[in-house]
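Notes follow once the structure below has been shown.
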Amino acid sequence: MFWTRSFIPTMKETPEGAEIPSHQLMLRAGMINQVMAGAYTYLPLGLRSLKKAERIVRQEMDAAGAVELLMPALSPLSLWERTGRVEAFGDVLIKFAVQRAGRKVQLALGPTHEEVVTDLVAHRISSYRQLPVTLYQIQTKFRNEERPRFGVMRTSEFLMKDAYSFNPSLESLNETYEKMYAAYCRIFERCGLEYLPVEAESGPIGGDASHEFMIPAENGEDTVLHCRKCGYAANQERAEVPSRDCTRPDTPEKELAKLATPGASTIEQVSTFLKIKPNKLIKTLIYEADGKPIAVLVRGDHEANEGKIRRAAEATEIALASPEVIEKVTGAPVGFAGPVGLAGKLPIYADNSVKIMVNAATGANEADAHLVNVNPGRDFTPDKYGDLRNARDGDPCPRCSGTMAERHAIEGGHVFKLGTKYSAALGAKFLDHAEQQQTIIMGCYGIGINRILAGLIETRHDEHGIVWPVAIAPYEVLLAPMKADDEATSQAVERLYADLQAAGVEVLVDDRDARAGVKFNDADLIGIPLRIVIGPRGLKEGNLEVKWRWEKQASMLPIDGAAATIAEWIAQERTDNARFLAARNGEGD
RNA sequence: CGGGGCGUGGCGCAGUCUGGCUAGCGCGCCUGCUUUGGGAGCAGGAAGUCGGAGGUUCGAAUCCUCUCGCCCCGACCA
């Protein structure tokens, strides 16, 4: 491809509103153009990279035994009503009515496709002989995100690979899950991405039923906890906090006292007012678990984890109670709840860290008053202790003696053992060997294709622009002629271009009538992995100048046989990203 | 949904507080000449309902009211 015949509108300046590197660079490199908040046009360069990521995903899914199909983005709203997800999705589900032959038809744009695919299987699969099967598609998903942001990272329309496995048994599901997990590892590796599979919220099946494939990145929206010692990694929502080191200090217990704390209702206000650190406070949260109020105690500097609370309370729905409920239950306005005197009125669940607190401060269940020198066991006794808080940086690892570190990350993929939630709701059953009707067990496996690009750019760029691996780069080689009107140069360019094309290398020729500086800067910006400069200077010596994007210095390559050498490098790099990864790990120059 | 910021040629911005002539600057774009290995120089040129509507005023990019859009933080996120 020739630059002047393509459409590559690069920008020197960063458009207003683009905050993170991937967004800025994709705009500046002419890969995308914003149409509205959360919707982007993929320009030729962006589309080429997107297609490459898509191709890798497709190849690996095929290799793992999944079969591709294509479902419509449009579906009848009634299908979503059958699984209760119209309500579950709320405004995120884009739904609308159209007039059709005089009647109103309710439609939805698919944010995911469990319903559509399960309905298909319910109609077309009826025997164990047809199972297991894994169906996948690569298709545009629609989600009316509350707040689209960070360029291509969170949009209302995005390209997703979604796969669904239909298994006759739990063992079969586990087998498929392992295969998908392994395929995901290969996909991220082939894309040149650093990734971290982490344990995630697992839903109805429990255990190790869900993993997220995280791309560690400064600007990631998710937080994961990772133990370098044993490799344990989990989403913050999921990460366990071990209860060891739970010996209570033998500080003498002081006498309980009530202090006036006018207007101090938040942890910060109370700790400032009483001049004590937040970790000496007991935070008392009133939740409603399936409609029934419960009290949850965590240390003032800790964050309550609603998933853990839900499990501890054995509830299906959990939400912070309204101010009215809190006042009714504690007798005090929000901000002054405390465990003392609450026993018997409602179940009290306390985080393990509360158990070892001595002479703590907490709400007095009375407006503008707090209690100090509160001691668990003496002044109150929770119904149950457990792990109820979010793990955080520096917490001990639940699997070994190490310490967990907090990292921001981009969720690139998610594998999930669904169980029978959708198959039961939509009647996806099969007849087993013994002529028994069984409900199909499902798994689902998603990858955000756009996030592969954003994740790569976030993790691999420099002050000049994007640094692509060959596997995802829009073109593999950039040919930059230095003197367009020089006869020898243009002949050399023509020949090398033809030879590389013939060898199957994807080449972009910067044939613009521009100065060297412009070409070099744009080359760095769009990040093509191998740059080849052809000009009279090198040609005099019979040389080309070659430079990998991640190298600082160019080197010379004799023009004779150059095409074959380059084609060989590229072919190698395509499969293993070896040079790209070596440069990332600081082994390059 | 709560808080904050911003809308001025394609892009980045100044001008707005304190209303006043044909609304500026840089980049980009077009024409010509010169130049040509890390974002060239000179000369000439095209291009803007100042987000929109209403209002105040002799006069509005500037003041007032409403409204639309974009960005960030938070809440939310199968």
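Labels below follow one simple rule: chain letters A, B, ... track the order of the sequence lines, proteins then strands, and each chain is numbered from 1.
- B:G52 and B:G44 are spaced 32 Å apart, taking the P atom of each and rounding to whole Å.
- Dashed line: the shortest gap from a side-chain N or O of A:Arg149 to OP1 or OP2 of B:C73 is under 4.0 Å.
- Applying the Watson-Crick and G-U wobble criteria (two distances, each under 3.5 Å), B:G69 pairs with B:C6.
- B:G37 atom P lies 17 Å from atom CD of A:Glu541, rounded to whole Å.
- For B:G26, the paired base is B:C11 (Watson-Crick or G-U wobble, both distances below 3.5 Å).
- The base of B:G12 does not come close enough to the side chain of A:Arg28 for any donor and acceptor atom to sit less than 3.5 Å apart.
- Ring to ring, A:Phe2 and A:Tyr497 are close: their centroids are under 6.0 angstrom apart.
- Rounded to whole angstrom, the span from the NE2 atom of A:His23 across to the C1' atom of B:C71 amounts to 9 Å.
- Residue A:Lys483 is the one, among A:Glu237 and A:Lys483, whose nearest nucleotide of RNA chain B lies closer to the 5' end (criterion: closest heavy atom).
- With rounding to the nearest 0.5 angstrom, the CD atom of A:Gln491 is 13.5 Å from the CG atom of A:Leu496.
- Taking atom P in both B:A14 and B:U8, the straight-line distance is 11 Å, to the nearest Å.
- Taking only side-chain atoms of A:Lys12, from C-beta outward, the nucleotide of B:G28, B:G38, B:A40 with the closest atom is B:G28.
- In this structure, B:G74 forms a base pair with B:C1, meeting either the Watson-Crick or the G-U wobble geometry with both donor-acceptor distances under 3.5 Å.
- Taking the C1' atoms as reference points, B:G10 lies 8 Å from B:C29, given to the whole Å.
- Look at the C1' atom in both B:C63 and B:C50: the space between them is 16 Å, to the nearest Å.
- Counting heavy-atom neighbours within 6.0 Å of A:Glu221 CD, excluding the residue itself, gives a total above 12.
- The CG atom of A:Asp522 sits 12 Å away from the P atom of B:G28 (whole-angstrom rounding).
- The partner of B:A40, taking Watson-Crick or G-U wobble pairs whose two distances both stay under 3.5 Å, is B:U34.
- With rounding to whole Å, A:Ile8 atom CD1 is found 17 Å from B:G28 atom C1'.
- A gap of 13 Å separates the P atoms of B:G12 and B:C71, to the nearest Å.
- For A:Asp513 and B:U34, the CG to C1' distance is 14 Å, given to the nearest whole Å.
- Comparing A:Pro15 and A:Ala37 against RNA chain B, the residue whose closest nucleotide sits nearer the 5' end is A:Pro15.
- An OP1 or OP2 oxygen of B:A40 is reached within less than 4.0 angstrom by a side-chain nitrogen or oxygen of A:Arg515.
- Relative to the side chain of A:Met11, the nucleotides B:C13, B:G38, B:C11 differ in distance, and B:C11 lies closest.
- In this structure B:U49 sits in no base pair that meets the Watson-Crick or G-U test at under 3.5 Å.
- Listed nucleotides B:G37, B:C71, B:A75 differ in distance to A:Tyr40; the shortest reach to its side chain belongs to B:C71.
- Both cation-pi conditions hold for A:Arg512 and A:Trp3: the charged atom is under 6.0 angstrom from the six-membered ring centre and inside a 45 degree cone around its axis.
- Between A:Arg147 and B:C71 there is no side-chain N or O to OP1 or OP2 distance below 4.0 Å.
- Searching all strands for a Watson-Crick or G-U wobble partner of B:G20 with both distances below 3.5 Å returns B:C58.
- Checked against B:G37, B:G39, B:C70, the side chain of A:Val533 finds its nearest nucleotide in B:G37.
- Distance check on atom P: B:C70 versus B:C33 gives 46 Å, rounded to whole Å.
- Between A:Trp550 and A:Trp548, the two ring planes are parallel [angle under 30°; tilted spans 30° to 60°].
- A donor and an acceptor atom, one from each side chain of A:His211 and A:Tyr184, are nowhere located under 3.5 Å apart.
- Residue A:Glu13 places no side-chain atom within donor-acceptor reach of the base of B:G28, judged by atom type and a 3.5 Å distance cut-off alone.
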- Which is it for A:Thr489 and A:Glu487 under the side-chain hydrogen bond (donor to acceptor under 3.5 Å, both in side chains) test, yes or no, and what are the steps along the way? CA-CA 5 Å; A:Thr489 302; A:Glu487 187 64 21; over 6 Å; no

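- Atom-to-atom, CG of A:Asp486 to C1' of B:U36 comes out at 12 Å; the value is rounded to the nearest Å.
- Between the CD atom of A:Glu16 and the P atom of B:G9 there is a distance of 11 Å, given to the nearest Å.
- Following rounding to the nearest Å, A:Asn521 (CG) and B:A40 (C1') show an atom-to-atom distance of 13 Å.
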